[in-house]
Enquirer: 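Before I ask anything, let me first share the structure, which is written out below as structure tokens.
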Amino acid sequence: MQQVTLQIAQGGAALDRLAADAAVLDADEQARAARFHRDSDRALYRAAHVLLRNALSRQAAPPPAAWRFVRGAHGRPEIDTDVCPDTGGLRFNLTHTPGLVCCALTRNLTVGVDAECLRRVRDARALAERFFAADEAAAVAAAGPPGSAAEALTFQSLWTLKEAYVKAVGRGLSLGLDRFAFRLAGDTPARIQLRSEADAAHPAAHWRCVLLHLDGGRCGIAAAVPAAAGARFRVLLHGGETAPAPVLVAATPGVEVQPPEAVVAIRSAF
Ligand SMILES: CC(C)(COP(=O)(O)OP(=O)(O)OC[C@H]1O[C@@H](n2cnc3c(N)ncnc32)[C@H](O)[C@@H]1OP(=O)(O)O)[C@@H](O)C(=O)NCCC(=O)NCCS
């Protein structure tokens, strides 16, 4: 069974603690951080990349400042194994949204993760009709009246799952969001079903996906991994001393989610 570690940091205090260690970032990350116009975006980027480096160093020998990355054709970052060999096939993906950063770690398998905070999207139906598969657009329309909380939640859940999937496939939004579809069936935790012919390497039935809610559904985190033999998700929570633990709201069959563990503080200086 594939182990997937999700490290989540939420809330100003946890993000500030991480961003304070930005000295571990490499020159490319420092330059990217410096290009943000808003201080809040810069701090979020720094927190995400410090979280990632710390998380990688919990699972392989290089210290946080030693990690180097390369980008694939669609911008997907990976560990630069020329500079960091012998990491045991570690793979990762990263997401940031205001107030929250998350990274997902696996071994020898790709992984995708996405976090979105709930917004009342005024034209959720029109967006779903334009970009989602037809059955997903129908699910958004059936969720509740236009502009309702139920409609927004269904849109957010599908959107978050879809982004996690395209990020795992590595093509980003260039994959085409209507080329695959998620369906959520039943009560919490709902059963996630995926229909896809978009990824020739991994049939839809092999994908293990989870959808977690934080802050009573204000934020959603989805992760996706093509683990045919099943996947066990371990959730490590930074800032858990002030924020309620994430709740599992949906999963594909073949998934286990361990109870969230609080990480009080990790300093990068080792
Ligand atoms: C990847 C993508 C889905 C990100 O979505 P988002 O919701 O805006 O942002 P998130 O916070 O969830 O994720 C951003 C992180 O995803 C990772 N990422 C970037 N490109 C990625 C890709 N193609 N696949 C997987 N992960 C990717 C990066 O770590 C990035 O964070 P960083 O810039 O701080 O390193 C979107 O930007 C996209 O589709 N990019 C691809 C664009 C593309 O195809 N370009 C072609 C260039 S030739």
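Counting starts at 1 for both ligands and their atoms, in listed order.
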Enquirer: Is the shortest distance from a heavy atom of Gly170 to ligand 1 less than 4.0 Å?
Expert: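 Yes, that is the case, since the closest heavy atom of the residue is under 4.0 Å from the ligand.
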
Enquirer: Taking all non-hydrogen atoms of both residues into account, name the closest pair between Ala128 and Val140 and its distance.
Expert: CB-CG2, 4.0 Å

Enquirer: Look at the rings of Phe36 and Tyr45 and say which category their plane angle falls in: under 30° parallel, 30 to 60° tilted, over 60° perpendicular.
Expert: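 Ring orientation, 0 to 90° scale: tilted.
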
Enquirer: How far is atom 28 (C) of ligand 1 from its nearest protein heavy atom, and which residue and atom is that?
Expert: Pro77 CG, 3.6 Å

Enquirer: May I ask you to list the atoms of ligand 1 that are less than 4.0 angstrom from any heavy atom of Ala73?
Expert: 47 (C), 48 (S)

Enquirer: Under 3.5 Å between any N/O of Lys167 and any N/O of ligand 1: does that happen in this structure?
Expert: yes

Enquirer: Number the atoms of ligand 1 from 1 as they appear, then name those within less than 4.0 Å of a heavy atom of Glu163, with their elements.
Expert: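 Listed by number with element, the hits are 3 (C), 5 (O), 6 (P), 7 (O).
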
Enquirer: Could you give all pairs that pass the salt bridge (Lys or Arg N to Asp or Glu O under 4.0 Å) test and reach residues 217-239, with sequence neighbours left out?
Expert: Asp215-Arg218, Arg232-Glu256, Arg234-Glu261

Enquirer: Report the nearest protein non-hydrogen atom to atom 33 (O) of ligand 1: residue, atom name, distance rounded to 0.1 Å.
Expert: Arg32 NH2, 2.7 Å

Enquirer: Using a 4.0 Å heavy-atom cut-off, say whether Asn93 meets ligand 1 through its side chain, its backbone, both or neither.
Expert: side chain

Enquirer: I'd like to know if Asp26 pairs up with Arg53 as an ion pair, taking the criterion as any Lys NZ or Arg NE/NH1/NH2 lying under 4.0 Å from an Asp or Glu carboxylate oxygen.
Expert: yes

Enquirer: Which atoms from ligand 1 have a heavy atom of Tyr45 less than 4.0 Å away?
Expert: 34 (O)

Enquirer: Out of His49, Glu78, Arg76, Glu29, who gets a non-hydrogen atom closest to atom 22 (C) of ligand 1?
Expert: Arg76

Enquirer: For residues Asp178 and Phe131, determine if any side-chain heavy atom of one lies less than 4.5 Å from a side-chain heavy atom of the other.
Expert: no

Enquirer: Mind checking what makes ring-ring contact (aromatic ring centres under 6.0 Å, His included) contact with Trp67, not counting sequence neighbours?
Expert: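 Result, ring-ring contact (aromatic ring centres under 6.0 Å, His included) vs Trp67: none returned.
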
Enquirer: Just to confirm my output: which protein heavy-atom neighbour is closest to atom 31 (O) of ligand 1, and how far is it?
Expert: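 Heavy-atom neighbour on the protein nearest atom 31 (O) of ligand 1: His96 NE2, 3.5 Å.
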
Enquirer: Under a plain distance cut-off of 3.5 Å, with no hydrogens placed, do Gln10 and His238 share a side-chain donor-acceptor pair?
Expert: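 Distance-only check fails for His238 and Gln10.
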
Enquirer: Assess the residue pair Phe180 and Val166 against the criterion (side-chain contact (heavy atoms from CB on, under 4.5 Å)); give the C-alpha distance rounded to whole Å, side-chain angles, the decisive distance to 0.1 Å, and a yes or no.
Expert: CA-CA 10 Å; Phe180 61 96; Val166 296; 3.6 Å; yes

Enquirer: Whether Arg68 and Asp82 form a salt bridge (side-chain N of Lys/Arg under 4.0 Å from carboxylate O of Asp/Glu) is what I want to check.
Expert: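 No, Asp82 and Arg68 are not salt-bridged.
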
Enquirer: Tell me: protein heavy atom nearest atom 39 (O) of ligand 1, and distance?
Expert: Leu173 N, 2.5 Å

Enquirer: Does NZ or CZ of Lys162 fall inside the cone over Phe182's six-membered ring, less than 6.0 Å from its centre and within 45° of the axis?
Expert: no

Enquirer: Within a distance of under 4.0 Å, is there any protein heavy atom near atom 2 (C) of ligand 1?
Expert: no

Enquirer: Any atoms of ligand 1 less than 4.0 Å from a non-hydrogen atom of Gly75? List them with their elements.
Expert: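 Near Gly75, the atoms of ligand 1 are 19 (C), 20 (N), 21 (C).
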
Enquirer: Short N/O distance, under 3.5 Å, between Val166 and ligand 1?
Expert: no

Enquirer: Looking only at protein heavy atoms, identify the closest one to atom 15 (C) of ligand 1 and say how far it is in Å.
Expert: Leu94 O, 3.3 Å

Enquirer: Please check if a non-hydrogen protein atom sits closer than 4.0 Å to atom 37 (O) of ligand 1.
Expert: no

Enquirer: Atoms of ligand 1 less than 4.0 Å from Asp114 heavy atoms?
Expert: 7 (O), 12 (O)

Enquirer: Look up atom 18 (N) of ligand 1 and tell me if a protein heavy atom lies less than 4.0 Å from it?
Expert: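 Under 4.0 Å from atom 18 (N) of ligand 1, at least one protein heavy atom found.
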
Enquirer: State whether Arg179 and Glu197 are salt-bridged, where the test is any N-O pair (Lys NZ or Arg NE/NH1/NH2 against Asp/Glu carboxylate O) under 4.0 Å.
Expert: no

Enquirer: Does some side-chain heavy atom of Ile221 sit less than 4.5 Å from a side-chain heavy atom of Leu214?
Expert: yes

Enquirer: Of Thr160, Val169, Thr95, which has the heavy atom at the shortest distance from atom 12 (O) of ligand 1?
Expert: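 Ranked by closest heavy atom to atom 12 (O) of ligand 1, first place is Thr95.
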
Enquirer: Who's closest to atom 45 (N) of ligand 1 heavy-atom-wise, of Glu116, His74, Arg46?
Expert: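 Considering heavy atoms of Glu116, His74, Arg46, the nearest to atom 45 (N) of ligand 1 sits in His74.
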
